[in-house]
Amino acid sequence: MPLLPEGHPEKIFREDGLRLDGRKPDDLRDLRIEIGVLKNADGSAMVCHGKNRIIAGAYGPREVHPRHLAQSDTGILQVQYRMSTFSVGERKSPVPGRREKEISMVIQHALEPVLFLEQYPNSTIDIFIQVMTADGGTRCASITAAALALADMGIPMRDLVTGVAVGKVDNKPILDLADYEDKWEEGAADMPVAVMMNEKKITLLQLDGQVGIDEYERMLDLAIKGAEGVYEAQKEALRKKYTSEIVGGR
Ligand code: ADP
């Protein structure tokens with residue numbers, strides 16, 4: 001048996017083949033999305049994906065600070081992903097660590113392809129992401145939230161970006177890993193994916209663990225299927241915000 005943290009389950013599937021939270025292998029966790037949650041940002045969104053609670057606020061296009069980062073031929077996208085001290089079981093240090101810096105960069109690269117940054121020379125679009133509660137798959141849920149914050153800002157975009165993770169545990173592919181599944185070690189892999197859903201283009205694909213080519217293809221199919229579910233929720237949330245504005249005014 002692998003060494004598991006205290007409180008970690010000993011089995012990852014129930015006797016009836018379902019996951020410990022009752023989901024089928026290809027089920028998403030519950031998803032609730034709200035647009036325009038921050039009065040003081042140009043665009044914002046909150047994504048509650050499973051137990052993850054994530055807020056993204058977007059600003060711009062605006063002048064770049066510090067000035068030496070400005071590029072005369074294009075705008076830039078700057079992303080800051082942070083986990084709050086109370087987002088995980090152990091109090092997380094408020095000082096941003098290597099993981100947060102890496103995830104900020106990964107999210108930036110996942111979102112850049114949908115923006116027309118070349119139209120905003122010397123300017124920046126800034127996205128600040130706060131993870132209030134983390135429960136596995138926060139980089140994907142952050143991408144889902146950040147793309148919506150950009151859309152809420154009202155700048156032209158080629159597409160939305162939708163994030164979802166797939167993985168395998170006990171050598172079985174599963175969609176949308178919760179934290180306890182993400183931390184399972186036996187026959188495990190974790191593959192966060194971000195997709196431009198209209199064009200079916202992948203803007204992020206990371207893989208932690210070992211998978212064969214067949215497994216990889218099955219996991220990718222599962223990720224696209226899962227992303228479709230998240231994409232529908234993103235569109236529904238946008239629709240809801242804008243129809244309520246037309247009916248009720250700002
Ligand atoms: P992701 O959240 O994108 O899956 P990781 O694979 O790095 O990113 O992390 C998986 C999960 O591990 C997170 O969602 C979170 O629940 C937990 N986690 C991450 N960092 C910490 C930390 N510093 N302390 C405790 N748990 C953490």
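Order of appearance sets the numbers: ligands from 1, and atoms from 1 within every ligand. We're numbering straight along the sequence, starting at 1.
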Exercise. Of the side chain and backbone of D135, name the one, both, or neither that has a heavy atom under 4.0 Å from an atom of ligand 1.
Key: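 Just the backbone.
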Quiz prompt | Which segment of V88 sits under 4.0 Å of ligand 1 when only heavy atoms are counted | solution =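 Just the side chain.
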Which protein non-hydrogen atom lies closest to [atom], naming both residue and atom, and how far is it?
atom: atom 1 (P) of ligand 1; answer: T138 N, 3.4 Å
atom: atom 4 (O) of ligand 1; answer: G137 N, 2.9 Å
atom: atom 23 (N) of ligand 1; answer: K92 CG, 4.0 Å
atom: atom 3 (O) of ligand 1; answer: R139 NE, 2.8 Å
atom: atom 7 (O) of ligand 1; answer: R99 NE, 2.7 Å

Quiz item: When you measure from the centre of the six-membered ring of F13, is the NZ or CZ of K172 under 6.0 Å away and within 45° of the axis?
Solution: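 Here K172 passes the 6.0 Å and 45° test against F13.
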Considering only NZ, NE, NH1 and NH2 on the basic side and carboxylate oxygens on the acidic side, decide whether [X] and [Y] come within less than 4.0 Å.
X: D16; Y: R14; value: yes
X: R158; Y: E199; value: no
X: E232; Y: K235; value: yes
X: R23; Y: D176; value: yes

Quiz item: Should V106 and V79 be counted in the same cluster of Ile, Leu, Val, Met, Phe, Trp and Tyr side chains packed under 4.5 Å apart?
Solution: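 Yes: a chain of side-chain contacts under 4.5 Å links V106 to V79.
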Quiz item: Strictly under 4.0 Å, does any heavy atom of E90 approach an atom of ligand 1?
Solution: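 Flag not set, E90 not near ligand 1.
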Self-check item: Selection from G89, A134, G136 by shortest heavy-atom distance to atom 14 (O) of ligand 1
Solution: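 The option holding the nearest heavy atom is G136.
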Exercise. Would you mind finding which of T85, D179, D182 brings a heavy atom closest to atom 16 (O) of ligand 1?
Key: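 Among T85, D179, D182, the closest heavy atom to atom 16 (O) of ligand 1 belongs to D179.
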Quiz item: Hey, which atoms in ligand 1 end up nearer than 4.0 Å to a heavy atom of M83?
Solution: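 Going through ligand 1 atom by atom, the ones under 4.0 Å from M83 are 19 (C), 20 (N), 21 (C).
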Exercise. Using the side chain to side chain donor-acceptor pair (under 3.5 Å) rule, pick out the option among D126, T124, D42 that qualifies with R62.
Key: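 Single side chain to side chain donor-acceptor pair (under 3.5 Å) partner of R62 among D126, T124, D42: D126.
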Would you say ligand 1 has an N or O under 3.5 Å from any N or O of [X]?
X: K183; result: yes
X: I103; result: no
X: Y81; result: no

Quiz item: Can you tell me how far the CD1 atom of I155 sits from the CG atom of L117, to the nearest 0.5 Å?
Solution: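 Going from the CD1 atom of I155 to the CG atom of L117 covers 7.5 Å.
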Practice problem: Given side-chain hydrogen bond (donor to acceptor under 3.5 Å, both in side chains), test D152 with Y242 step by step and report yes or no. | Solution: CA-CA 9 Å; D152 185 38; Y242 290 100; 2.8 Å; yes
